[in-house]
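Order of the sequence lines fixes the chain letters, A, B, ..., with proteins taken first and strands second; residue numbering starts at 1 for each chain.
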Amino acid sequence: MPRLRPSLFWQARREISPLAAQLLPACRDLESAANELRWIREHVQDTPSSVPPGLRVWNLVEKRGKGVPLQYVLGTQPFGNLEIQCRPGVLIPRPETEAYTLHLATLLSQSQHPPPHSLSILDLCTGTGCIPLLLLHALHASLPPTTALNIHGIDISPAAISLARANHHQHNPLPAPASPPLSPSHQRTLTFHQTSIFSPTLLSSLLPTLFPRSSSGLDLDLLVSNPPYISASDFARATARAVRNHEPRLALRYAARWGWCRPEDVFYARLLEIAAVLKPKRVLMEVGGMEQALRVVRMVGRFSSLLGGDGDGDGDGDGS
Amino acid sequence: MFRPFLSLRPLLRLAGFSAAHNGVLPPSSAVAAAAFTTSTATNLKQLPPRPKHPPESEIEESFLKGSGPGGQKINKTNSAVQLKHLPTGIVVKSQATRSRTQNRKIARDLLALRLDELANGSQSRAAVVGDVKQKRAASKAKKSRRKYKKLAEEKEKKGNVKEEGGRLAGEEEEWLEEEEDGEEEEGKDEGGRKEVTTLGGTGTKRATIVEVENTRNER
Ligand SMILES: C[S@@+](CC[C@H](N)C(=O)[O-])C[C@H]1O[C@@H](n2cnc3c(N)ncnc32)[C@H](O)[C@@H]1O
């Protein structure tokens, strides 16, 4: 990272505030320093505390200035219309993920005529639970009450699962039990499970209990995942210091070998294997760039015989 | 430097979606601007309605993202949203909140106001709001002139009026006026926006106005 010019610090002090200058090493430019200072002040204003506001602002600025991600400092990250709680040890949701999750919600609620009796979604490597939570909220608002939602999130990290549950608790959109209560087929549920997606029992025992069987696999409308996808060399060189130093490595890269692919693509191989068994109607996987995207597309090609699809755009593997 | 940060189409095609939409992102509710409730203050009734958002097909949207990697590799807090209205060339930007979703809405509200101003001139909502604000400022000035005149007169009458009493009365009046402002929301709506640059259209008749919304909307 290039060194910041001393004149920039002077400018921050003069034009914004000494606190902005303190934020500069983390923010890198005046505009984001000014924005973050404003957001820190607003946060202090909005959250009651017995500590004097000036002192709280100062403490938060000091923490942020030392490189702690703003989302850990303030404890949240907006994601769609939700404020997702963030804690050290669990990856902070990214704007790219937010964008496609919103897009996904629109597609799922618009593309179905007539509206389905139920919609089932599986999110692997769920982290804070941001993806299934936003989908639940958006679909809860847009789908008719006759459509049931069966949503599950899985992560290996106990910290992630307990945070995901806390987020679910805070953002539970479901109305208090109506009278008469909804029939079981109209229920809307989101459940988080702590296990590895590489666990041998995932396919044989856990997933079949979560989703009813269909003629070909399990009855699953969407498999979505934002798995760890950074390679060892990118982790050392192309990953921001704040990410490397403060976010969990477990969420970013997978070091071990598995089968025939590159280490950073291991999760996609496993995800496609899972998809081959479950045969979901749709699969969405986040990738780390065009090169990885192309490799994953080739993997999809290799799996498409297993998936039984002919690549007509209705199932998986249309992109090859 | 602005550029769209992500093209979803290849990803979605890979996943078996037909990318039906034109825009990369789901369209925001076009009626949101009209849906805000207006408050009870009487002179609001004379205000033109909040202008509607222009159609998404006329908007080019971009998100601030530096060059280099994105996704898991970085964690930028930049949530700025910039909109360009293609038919007029008007550019607006919002970085008011940490929420990109929220900023997308704020930027559309802002763009709608600018377009209304362009179309309706002095009859536009922004102009009328500006007028109301000006009148309010004028009446405030008048009131305070009256107040000080009265104080001066009383001072003359009584010989000496306690400084503190005068100041107290003044403070109370100030405070009441502030509350009035808050009730109407309009002042806050317009406040804190600053014109950053006004670029002449290069070689064309179009003027590009860049506006930045920096403050939270207290609605
Ligand atoms: C890149 S993060 C994504 C988190 C979240 N979905 C999001 O988009 O913000 C990857 C997640 O995968 C989890 N993870 C890592 N290895 C795993 C495994 N073997 N099985 C399940 N989850 C795993 C990590 O704990 C982390 O929460």
Applying a strict 4.5 Å limit to non-hydrogen atoms, the region of A:P227 in contact with chain B is backbone
If one checks every heavy atom of A:Q71 against chain B at 4.5 Å, the contacting part turns out to be both
When the 4.5 angstrom heavy-atom criterion is applied to A:E36 and chain B, the contacting part is side chain
Distance col, row A:F79:CZ vs B:T101:OG1, nearest 0.5 angstrom, shows 9.0 Å
In terms of heavy-atom contacts, B:S99 and A:P78 come closest through CB-CB, 3.5 Å
Closest heavy-atom pair, B:K73 versus A:I230, reported as atoms and distance to 0.1 Å, is CG-CD1, 3.6 Å
Sorted by chain and residue number, the ring pair (Phe, Tyr, Trp, His ring centres under 6.0 Å) partners of A:F267 (sequence neighbours excluded) come out as A:F198, A:Y254
If one checks every heavy atom of A:N226 against chain B at 4.5 Å, the contacting part turns out to be both
Checking A:R94 side chain against B:I74 main chain: does a donor-acceptor pair fall under 3.5 Å?
-> yes
Value for CZ (B:R98) from CG (A:L74), rounded to nearest 0.5 Å, stands at 4.5 Å
Q. Does CG in A:N81 sit with more than 12 non-hydrogen atoms of other residues, nucleotides or ligands closer than 6.0 Å?
A. no
Between A:E31 and B:K93, does at least one N-O distance fall below 4.0 Å, as a salt bridge requires?
yes
If one checks every heavy atom of A:A34 against chain B at 4.5 Å, the contacting part turns out to be neither
Applying a strict 4.5 Å limit to non-hydrogen atoms, the region of A:L223 in contact with chain B is neither
Sidechain-backbone polar pair: A:R38 side chain, B:A96 backbone, donor-acceptor under 3.5 Å: yes
When rounded to the nearest 0.5 Å, the distance separating CZ of B:R104 from CG of A:L102 is 7.5 Å
Applying a strict 4.5 Å limit to non-hydrogen atoms, the region of A:F235 in contact with chain B is neither
Interatomic distance, CD@B:Q72 vs OG1@A:T239, rounded to 0.5 Å, equals 9.0 Å
Honestly, the part of A:L252 sitting under 4.5 Å from a heavy atom of chain B is both
With chain B, the option among A:V224, A:D234, A:I92, A:T76 that has the most non-hydrogen atom pairs under 4.5 Å is A:T76
